[in-house]
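Encoded as structure tokens, the structure appears first; notes follow it.
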Amino acid sequence: MVPGVLSFPRGCPYNAPFSPPPSPASRPTQGNAVMRQTLTDLIRSALLQLQREGLLPADAPLEFKPDRPKEKQHGDFAVNAALVLAKPARMKPRDLAERIVAALPPGQRDVERCEIAGPGFINFFMTRDRMRRLIPEILTAGSQWGRSPAGAGRRVQVEFVSANPTGPMHVGHGRGAAMGDVIARLLAACGFQVEKEYYVNDAGAQVKVLGRSILLRYREGFGYPVAMPEECYPGDYVKDWAVTLRNRDGDRWLEASAHATDPSLEPPPEVVEFAIAQALDEIRRDLASLDIHFDSWFSERNLHEQGGIDQAVTLLAQRDLIYEGVLEPPKGKLPEDWEARPQTLFRATRFGDEVDRPLQKSDGSYTYFAADIAYHLNKAQRGFDALINVWGADHGGYVKRVQAALEALTGKTGLLDVKLVQMVNLTRGGKPVRMSKRAGTFVTLREVVEETGSDAVRFWFLTRAGTSQLDFDLELAVSRSYDNPVYYVQYAHARVHSLWRQLKEKGWDLPRETLPGADLSPLEQDEEMGLLRLLGRYPETVEGAALSHEPHHVTYYLLELAAAFHGYYNGCRILEEDSARRTARLALCDAVRQVIANGLALLGVSAPERM
RNA sequence: GCGCCCGUAGCUCAACGGACAGAGCAUCGGCCUUCUAAGCCGGUGGUUGCAGGUUCGAGUCCUGCCGGGCGCACCA
């Protein structure tokens with residue numbers, strides 16, 4: 001039993017391992033990845049040949065990669081081998097490229113041609129037939145198309161949200177929630193075993209303050225005059241919880257409430273317990289409305305009670321990484337109450353941090369950082385191969401020290417990747433929605449989800465890299481217009497369904513299950529090839545987004561695919577008289593539909609059949 | 001003062017170290033009979049903040065500046 005873990009309630013559907021497991025794991029199983037592997041093998045074989053001929057030094061590392069050119073004139077794949085190997089070969093890149101091309105094994109049916117271009121790229125053009133074969137591959141794989149075996153079953157933990165259980169979630173929490181959830185889904189789709197965890201800060205002073213706040217509102221409910229101290233939570237939700245407490249317990253806490261204004265007195269544990277439970281209920285409900293469910297809720301208090309912090313500190317002490325010392329004052333202007341005093345410090349500077357970090361407060365109790373060290377040690381002890389944290393950007397200053405502690409305790413570097421998420425600016429019709437707790441214009445995540453829906457919130461929150469601040473327009477997010485990216489992508493999906501409906505109305509029967517076997521040779525327009533090229537990029541887009549922990553790549557891809565599809569639809573009649581062309585085009589459209597559906601599923605956004 | 005993030009078209013933002021830096025919005029010019037879609041097609045727009053460096057190749061990596069955001073003993 002792992003200390004601190006409250007529960008492992010729900011399984012993530014994406015956590016299901018591949019069945020059957022890919023074999024061998026290193027070989028790609030899907031169309032474009034197969035193409036890429038084929039090209040890699042081809043080039044490698046040519047390079048080995050050149051090595052045997054003595055053109056390339058035998059010890060030269062054969063590093064190169066097939067890349068996706070941005071320009072379609074540059075083919076379907078571009079290989080940079082000649083550029084990378086020009087120096088060891090002591091040749092001009094273009095000359096070397098010619099020798100590589102000459103050494104390519106003949107008889108490759110899927111490659112139409114290859115040409116040398118630019119500074120020395122070797123561009124490969126796949127045959128139309130190979131491109132068209134993506135369609136049956138996609139339709140046969142269905143919802144599985146785009147999954148990757150890259151993770152090979154490695155265990156990854158994603159910790160995200162972890163909002164303090166002291167009140168409603170705000171919009172920024174929502175962005176972190178969407179980010180973490182989709183990172184988890186992406187990794188699961190790429191063969192990782194993923195666990196989603198919420199760290200519950202239920203041990204600190206702030207939950208006691210919440211407990212006192214509730215007591216005061218509770219007392220107020222009995223008609224006593226109450227002055228809320230500065231540090232207490234003024235929100236209306238506190239009053240609601242106080243009412244709930246009274247309904248449950250009657251006047252049982254009335255006496256205790258008389259002292260609740262005094263910060264030095266502890267509120268009754270039952271009341272604090274109640275407060276945390278209320279807050280977590282609300283948080284869980286908000287997350288559920290975004291279809292976000294955690295595998296575990298990790299209690300900080302539990303960590304304390306189980307001695308996790310003592311354990312971590314002892315471990316650090318055993319490695320001589322702790323000492324009593326005095327920190328130098330911060331440079332520049334001094335904080336008013338700063339005074340030099342001896343503290344228990346962790347030698348974070350040995351692991352790349354700027355200064356050593358205190359583990360104990362002046363009263364001898366542990367700092368939050370000490371608990372964080374213990375928490376991350378606990379994660380490492382649970383045997384994860386990789387850890388991902390999604391934090392608000394205001395916590396950016398803590399990344400190095402936590403990574404330093406983790407390295408100190410595990411001896412491993414790079415175990416933890418912290419994704420920092422910038423703030424969200426709410427706008428309505430382009431005008432900023434001011435958010436101020438004091439002015440009472442604070443907008444909660446719940447309000448935004450209720451107004452715009454889970455789809456809009458999730459998709460929109462993933463339209464930017466986490467490092468960019470994000471504007472969310474409440475008006476645009478619900479508009480049925482092409483300016484609304486959510487609508488734009490979802491409508492592309494619905495449009496294909498609309499085509500099938502119309503097909504039926506026209507009495508042109510076409511059983512879906514015959515599509516994978518359809519004759520696709522009528523597909524030869526540029527737009528059709530362009531769509532195929534895009535479809536082929538989907539699996540590597542998913543894999544790239546997963547491995548880099550950057551979900552917005554998928555969002556951008558879907559926008560691009562939807563744009564290409566809308567353009568195709570506008571310029572080319574799908575349901576035309578010629579049944580061979582009609583069938584081929586419908587097959588292409590259906591492949592687009594499948595890929596959009598898969599991509600939206602990864603984002604946790606619905607794919608409506610009708611809009 | 002120190003650290004982290006950011007600086008790309010008028011605006012909001014993309015771009016595993018790759019080719020002539022791309023989208024959307026705005027703007028301008030056309031079209032708007034056609035698989036329901038107040039939409040469609042096309043054009044203009046850039047010294048990637050500045051200056052060096054590494055590299056066959058830099059928006060991307062390194063150094064120094066400039067500008068913006070966040071954080072900065074003991075709070076969480």
Side-chain angles (χ1 to χ4, degrees), chain A residues 65 67-71 73-74 78 80 82-87 92-94 117-121 123 164 166 201 203-207 209 231 300 326-335 337-341 343 345 353-365 367-369 371-372 392-400 418 420 422-423 430 463-471 473 476 480-483 485 487-488 491 494-495 498-499 501-503 505-506 540 543-544 547-548 550 552-553 555-556 559-560 563 566-567 569-576 582 585 589 611:
Chain A
K65 59 190 169 181
D67 197 12
R68 285 282 182 182
K70 284 182 243 178
E71 309 275 334
Q73 310 93 281
H74 296 145
N80 63 351
L83 293 165
V84 178
L85 294 169
K87 188 171 258 184
K92 291 179 185 171
R94 287 191 68 112
F121 288 103
N123 293 333
N164 286 339
T166 55
N201 293 120
Q206 84 278 5
V207 290
V209 172
E231 75 277 9
E300 182 193 354
V326 181
L327 281 180
E328 287 186 18
K331 289 169 183 164
K333 55 179 180 183
L334 277 182
D337 56 346
W338 194 91
E339 56 179 281
R341 64 168 72 101
Q343 290 173 306
L345 299 168
D353 205 358
E354 284 80 33
V355 293
D356 293 336
R357 304 290 179 179
L359 298 176
Q360 289 184 321
K361 306 178 202 170
S362 43
D363 66 1
S365 64
T367 59
Y368 182 81
F369 176 51
D372 240 8
D394 54 340
H395 290 70
Y398 295 82
V399 175
K400 267 190 194 171
V418 180
L420 296 178
Q422 291 282 348
M423 63 183 295
T463 55
R464 299 275 180 269
T467 48
S468 291
Q469 288 194 12
L470 181 145
D471 296 327
D473 195 282
L476 188 52
R480 294 171 54 85
S481 99
Y482 283 178
D483 296 341
Y487 177 86
Y488 192 73
Y491 182 56
R495 209 164 210 182
S498 169
L499 283 170
R501 288 193 294 269
Q502 285 166 53
L503 184 79
E505 282 167 22
K506 298 193 184 206
E540 67 204 41
E543 191 175 288
L547 298 180
S548 63
E550 299 283 1
H552 71 279
H553 289 129
T555 318
Y556 269 90
L559 283 163
E560 195 178 345
H566 286 308
Y569 179 94
N570 288 324
C572 175
R573 190 166 184 84
I574 313 296
L575 299 179
E576 66 151 80
R582 188 172 70 228
R585 287 175 181 172
C589 291
M611 294 179 76

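Per chain, numbering begins at 1; letters A, B, ... match sequence-line order.
- Residue A:A563 is classed as having no contact, given no heavy-atom separation below 4.0 Å to the nucleic acid.
- OP1 or OP2 of B:A76 lies within a sub-4.0 Å distance of a side-chain N or O belonging to A:K361.
- Across all strands shown, A:R357 has no heavy atoms under 4.0 Å from either base or sugar-phosphate atoms.
- When the P atom is compared between B:C5 and B:A14, the two are found 15 Å apart, to the nearest whole Å.
- Between A:H552 and B:C13, a side-chain N or O to OP1/OP2 separation shorter than 4.0 Å is absent.
- Residues forming a ring pair (Phe, Tyr, Trp, His ring centres under 6.0 Å) with A:H74 (at least two apart in sequence, or on another chain): none.
- Between A:Q73 atom CD and B:C20 atom P there is a gap of 12 Å when expressed in whole angstrom units.
- One donor-acceptor pair, N or O on each side, does fall under 3.5 Å between the base of B:A19 and the side chain of A:N123.
- Across all strands shown, A:Q360 has no heavy atoms under 4.0 Å from either base or sugar-phosphate atoms.
- Nucleic acid contact class of A:M423 (heavy atoms, under 4.0 Å, all strands): none.
- Residue A:D67 is classed as a base contact, given a heavy-atom separation below 4.0 Å to a base.
- Residue contacts for A:P358: at a heavy-atom cut-off of 4.0 Å it reaches the sugar-phosphate backbone alone, with no base atom in range.
- Proximity of A:H395 to the phosphate of B:A76: no side-chain N or O atom is located under 4.0 Å from OP1 or OP2.
- Residues that satisfy the side-chain contact (heavy atoms from CB on, under 4.5 Å) test with A:V209, not counting sequence neighbours, are A:R212, A:S213, A:E231, A:C232, A:Y233.
- Using a 4.0 Å heavy-atom distance criterion, A:D473 is classed as making no nucleic acid contact.
- Put simply, CG on A:N570 is 11 Å from P on B:A38, counting in whole angstrom units.
- Counting any heavy atom pair closer than 4.0 Å across all strands shown, A:C572 reaches a base atom.
- Residue A:K92 has no polar side-chain atom (N or O) positioned under 4.0 Å from OP1 or OP2 of B:C56.
- Within the nucleic acid shown, A:Q422 comes within 4.0 Å of sugar-phosphate atoms alone, with no base atom in reach, counting heavy atoms only.
- Nucleotides B:G49 and B:G67, compared at atom P, are 16 Å apart to the nearest Å.
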For A:K400 and A:E354, what are the C-alpha separation, side-chain angles and deciding distance, and is it a side chain to side chain contact (heavy atoms under 4.5 Å, CB included)?
CA-CA 9 Å; A:K400 267 190 194 171; A:E354 284 80 33; 2.6 Å; yes
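- Among the atoms of the strands shown, none is found under 4.0 Å from any heavy atom of A:K506.
- With the 3.5 Å cutoff on both pairing distances, Watson-Crick and G-U pairs in RNA chain B assemble into runs of at least 3 at B:1-7 with B:66-72, B:10-13 with B:22-25, B:27-31 with B:39-43, B:49-53 with B:61-65.
- Contacts of A:N80 with the nucleic acid, taken as non-hydrogen atoms under 4.0 Å apart, include base atoms.
- You'll find a donor-acceptor pair under 3.5 Å spanning the side chain of A:Y398 and the base of B:C75, going by distance alone.
- Here, B:A51 and B:A58 have their P atoms 15 Å apart, quoted to the whole Å.
- Residue A:K70 is classed as a sugar-phosphate contact, given heavy-atom separations below 4.0 Å to backbone atoms only.
- If you check every strand for non-hydrogen atoms under 4.0 Å, A:V84 touches a base.
- Other residues, nucleotides and ligands place more than 12 heavy atoms under 6.0 Å from the NZ atom of A:K506.
- For B:G7, the OP1/OP2 oxygens have no side-chain nitrogen or oxygen of A:T467 closer than 4.0 Å.
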